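The block underneath contains the structure these notes are about, expressed in structure tokens.
Source: prediction; values computed, not measured. Chain identifiers are assigned alphabetically (A, B, ...) following the order of the sequence lines, protein sequences preceding nucleic acid strands; residue numbering begins at 1 within each chain.
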Protein chains: 2
Amino acid sequence: MGGGYVTLEQVARHAGVSLATASRVLNGSTRQVGRKLRDRVTASAHELGYLANASAQTLARNTSSLVGLIVHDIADPYFSSIASGVTRSAEDEGLIVVLGTTGRTPQRELELLATLRSHRARAVVLAGSRTVDDESTRRLADEITMFAARGGRVACVSQEGLPADTVVPDNRNGAAELARALVGQGHRRFAILAGPTDLRTARERLDGFHGALAGAGISLAPHDVVHGAFTRDGGYESTRRLLAAGTDATCLFAVNDVMATGAMAALRDAGLRVPRDLSVAGFDDIPTLRDLTPALSTVRLPLEWMGEEAARLALREEAAEAPRVVAVAGEVVLRESTAPPAAD
Amino acid sequence: MGGGYVTLEQVARHAGVSLATASRVLNGSTRQVGRKLRDRVTASAHELGYLANASAQTLARNTSSLVGLIVHDIADPYFSSIASGVTRSAEDEGLIVVLGTTGRTPQRELELLATLRSHRARAVVLAGSRTVDDESTRRLADEITMFAARGGRVACVSQEGLPADTVVPDNRNGAAELARALVGQGHRRFAILAGPTDLRTARERLDGFHGALAGAGISLAPHDVVHGAFTRDGGYESTRRLLAAGTDATCLFAVNDVMATGAMAALRDAGLRVPRDLSVAGFDDIPTLRDLTPALSTVRLPLEWMGEEAARLALREEAAEAPRVVAVAGEVVLRESTAPPAAD
DNA sequence: GCACCCTGGGAAAGTGTTTTCCGAACGGAT
DNA sequence: ATCCGTTCGGAAAACACTTTCCCAGGGTGC
């Protein structure tokens with residue numbers, strides 16, 4: 001067949017009906033079309049290889065079949081898990097997803113949102129947690145409001161305080177329960193890879209963990225809390241700094257799994273054994289990382305489900321008055337990377 | 001500001017110029033607009049908060065700023081690495097990427113291609129290797145041809161034989177070199193997790209490995225080649241079957257890293273130590289899996305680069321007469337998961 | 001047998017851009 | 001002053017649909 005470019009008009013002419021009728025038959029409408037004409041039109045469309053022009057439809061209907069997905073880095077398994085859930089929801093609804101990556105730049109996030117708006121995207125899912133920077137949060141909120149003013153829907157994963165529905169893990173409690181479990185194993189001296197100082201998620205996990213320790217009468221030496229990038233390499237680097245400074249901790253908590261992975265690598269490179277010399281725990285329970293040895297103790301988050309649910313909030317439900325918040329509890333999973341401290 | 005919906009016409013009226021002039025100023029054109037009017041228009045646009053309607057532009061220009069990316073499963077780190085490269089290329093060009101996932105269904109692949117065509121996507125990158133099923137390959141080739149007939153460009157990652165530019169790893173040689181390296185370590189008896197029988201990539205790797213062994217005078221018992229799914233769980237399952245059947249191999253080759261990961265888990269669960277009891281090697285060198293212990297011997301493929309290059313092929317270069325093929329050599333990386341076999 | 005309603009077909013008016021074509025103005029060369 | 005060649009602004013025609021509005025025809029209720 002001779003390629004694309006068959007228009008609805010050609011189909012209509014070929015079938016001997018009006019544009020209106022052809023449109024009603026092929027692209028759905030509230031109105032019925034008589035059996036006879038309907039068959040003629042579908043036959044013509046099939047014969048000519050008609051394929052609707054999506055832009056023209058978007059323009060005429062003033063709504064598209066696009067849903068945006070904004071993540072920091074699609075190669076990060078945390079985000080790719082969420083992305084997997086979002087695409088599943090979207091495809092269930094017959095929509096197609098537009099993937100934007102920010103590289104963790106707030107500015108880029110705004111640009112992407114504007115682009116999505118210009119495409120009349122029906123909804124957008126914002127994954128990737130926010131910094132506590134008020135200025136950039138305010139600008140993001142503005143963009144979201146503009147997006148919503150157009151009839152678009154916005155849902156977030158893991159970032160409260162924006163004027164949008166949100167699926168948010170209970171970082172504080174998850175971290176607190178993890179801390180209690182580790183204390184239960186006998187640990188008394190902890191070190192924490194706390195991630196970036198200004199990242200909300202990192203802070204909440206740190207606070208939760210910290211709080212639970214305080215509740216157990218345990219305090220942390222300041223140099224046992226080390227900040228760094230929220231990535232595998234950030235975890236590696238932070239661990240090296242921790243070791244260089246010297247620590248007597250028996251258990252190391254990294255505020256996410258990818259950092260914990262880096263930590264385990266750094267410990268291995270330093271000749272330390274996990275959990276014999278030092279226990280390690282993370283947060284998220286990234287599926288791809290479940291095969292690490294020793295298996296990582298962590299707080300399980302249903303990442304794919306969270307992506308699915310965020311997309312569902314944005315797509316299925318009507319816009320609500322106030323932003324809805326779906327809280328997700330984490331489940332502490334103790335595996336081999338943590339063990340009772342050696343009696344010393 | 002009051003939300004969206006400012007049209008170019010409103011901007012033009014506000015600035016006291018014609019639609020044509022406003023369009024030329026704001027959305028680029030070959031033609032110049034005088035300084036004075038240009039300033040008036042940009043000022044009005046800014047004041048009113050104008051944002052071009054992308055669908056209208058696509059319709060008028062008959063080309064969009066969308067580039068498609070089709071993968072089997074975005075949660076698979078193999079694909080998310082490629083996706084990362086593709087998005088980078090696309091964003092460099094100011095384009096936005098539409099992500100489609102097939103769940104390994106050839107049918108879904110065709111649907112996505114048609115959708116992309118209906119959106120007038122400028123290009124599409126097809127990742128995820130093909131089966132040897134002639135029928136579905138033929139239909140995919142047809143879709144690609146229709147896509148190209150419209151002026152769209154198509155590039156593939158890891159799948160030759162389609163009428164499109166391709167970035168393709170040298171699976172055969174990579175696997176052969178890996179085999180030679182393992183023979184060099186002293187292995188003589190091998191088992192292979194060969195993946196699906198009909199998957200081209202899996203077959204090439206199997207053949208390459210097999211061929212190199214044959215060249216070294218080594219042959220494989222049929223029951224030491226076990227087929228299964230191309231996934232982590234497929235690797236786990238295949239390994240269990242292998243062990244259940246009994247094998248005297250000293251080295252296990254899985255045709256990709258995620259299967260090798262499953263294999264290591266199965267071996268661990270069976271109480272076998274890697275590499276002491278059995279060496280294990282994979283293929284791909286997935287970044288996220290580099291922290292496994294013992295570290296996986298594998299054949300390194302520059303996945304992100306391959307995604308970038310495929311997108312570049314589709315975006316930057318002119319359509320060529322014959323499909324271009326960019327071959328990518330794999331580099332054998334021996335790590336701790338393989339060691340000389342215990343002298344028995 | 002007549003008024004009425006309901007079904008379904010078509011003409012035409014949007015939808016927001018880009019781009020072609022036309023014409024006016026202006027500047028420099030003669 | 002005339003002529004030609006640029007340069008730049010605007011009117012209007014695409015672009016490929018959806019949807020409103022109008023109208024014809026046929027069935028129903030009395």
* Structure fact -> Of the listed D:dC17, C:dG10, D:dG9, the closest approach to the A:Val17 side chain comes from C:dG10

* Listed nucleotide nearest any side-chain atom of A:Ser18, set C:dT18, D:dA16, C:dA11 -> C:dA11

* To do: Give me the one residue out of A:Arg150, A:Arg138, A:Arg117 that meets salt bridge (charged side-chain N to carboxylate O under 4.0 Å, His left out) with A:Glu143.
  => A:Arg117

* Does C:dT7 have OP1 or OP2 sitting under 4.0 Å from an N or O in the side chain of A:Gln32? -> no

* To do: Write down the distance between CG (A:Leu26) and P (D:dA16), rounded to a whole number of angstrom.
  => 16 Å

* To do: Send over the distance from A:Arg150 CZ to C:dT15 P, rounded to a whole Å.
  => 15 Å

Atom pairs, N/O to N/O, protein against nucleotides 19-24 of chain D, distance under 3.5 Å?
| residue | atom | partner | partner atom | Å |
| --- | --- | --- | --- | --- |
| D:dC21 | N4 | A:Arg31 | NH1 | 3.3 |

* Asked: Is there a donor-acceptor pair closer than 3.5 Å between any side-chain N or O of B:Asp165 and the backbone N or O of B:Arg324?
  -> yes

* Between P of D:dA16 and CG of A:Leu51, the distance in whole Å -> 13 Å

* **Check: A:Arg38/A:Gln32 side-chain N/O donor and acceptor closer than 3.5 Å** => no

* Taking Watson-Crick and G-U wobble pairs with both distances under 3.5 Å, convert DNA chain C into its dot-bracket string, 5' to 3', dots for unpaired and | for cross-strand pairs. => ||||||||||||||||||||||||||||||

* Asked: Has B:Arg139 got more than 12 heavy atoms of other residues, nucleotides or ligands less than 6.0 Å from its CZ?
  -> no

* To do: Under 4.0 Å between any heavy atoms, over every strand shown, what does A:Asn62 touch: base, sugar-phosphate, or nothing? Just pick one.
  => nothing

* Just how far, in rounded Å, is C1' of C:dG9 from CZ of A:Arg35? -> 18 Å

* Structure fact -> Side-chain contact check for B:Leu8: nearest option of C:dT18, D:dG10, D:dT18 is C:dT18

* Given the rule in the salt bridge (charged side-chain N to carboxylate O under 4.0 Å, His left out) test, do A:Glu93 and A:Arg316 qualify, once you have shown the distances and angles that lead to the verdict? -> CA-CA 9 Å; A:Glu93 304 279 324; A:Arg316 262 208 253 289; 2.3 Å; yes

* Given A:Asp92 and A:Arg88, is the salt bridge (charged side-chain N to carboxylate O under 4.0 Å, His left out) satisfied, shown in steps? -> CA-CA 6 Å; A:Asp92 280 357; A:Arg88 188 172 321 148; over 6 Å; no

* Short question: side chain of B:Thr105, backbone of B:Gln107 - any donor-acceptor pair under 3.5 Å? -> no

* To do: Determine: side-chain N/O of B:Tyr5 to OP1/OP2 of C:dT15, distance under 4.0 Å, yes or no.
  => no

* To do: For A:His119 and C:dT17, give me the distance from atom NE2 to atom P, rounded to whole Å.
  => 13 Å

* To do: Tell me whether the OP1 or OP2 atom of C:dG16 has a side-chain N or O from B:Gln57 closer than 4.0 Å.
  => no

* To do: Would you kindly give the CG-to-P distance between B:Leu59 and D:dA13, to the nearest whole Å?
  => 17 Å

* Structure fact -> The answer to which of B:Ala52 and A:Gly34 contacts DNA chain C further toward the 5' end, by nearest nucleotide, is A:Gly34

* **Interatomic distance, B:Arg120 CZ vs C:dT18 P [rounded to whole Å]** => 17 Å

* To the nearest angstrom, how far is A:Leu37 atom CG from C:dG8 atom C1'? -> 9 Å

* Asked: Just how far is it from atom CD of A:Gln10 to atom CG of A:Leu19, taken to the nearest 0.5 Å?
  -> 11.0 Å

* **Short side-chain N/O contact to C:dT18 OP1/OP2 from B:Asn27, under 4.0 Å** => yes

* Asked: Are A:Ile144 and A:Leu126 side-chain neighbours, meaning at least one heavy-atom pair lies under 4.5 Å?
  -> yes

* **B:Arg153 vs B:Leu315 side-chain heavy atoms within contact, under 4.5 Å** => no

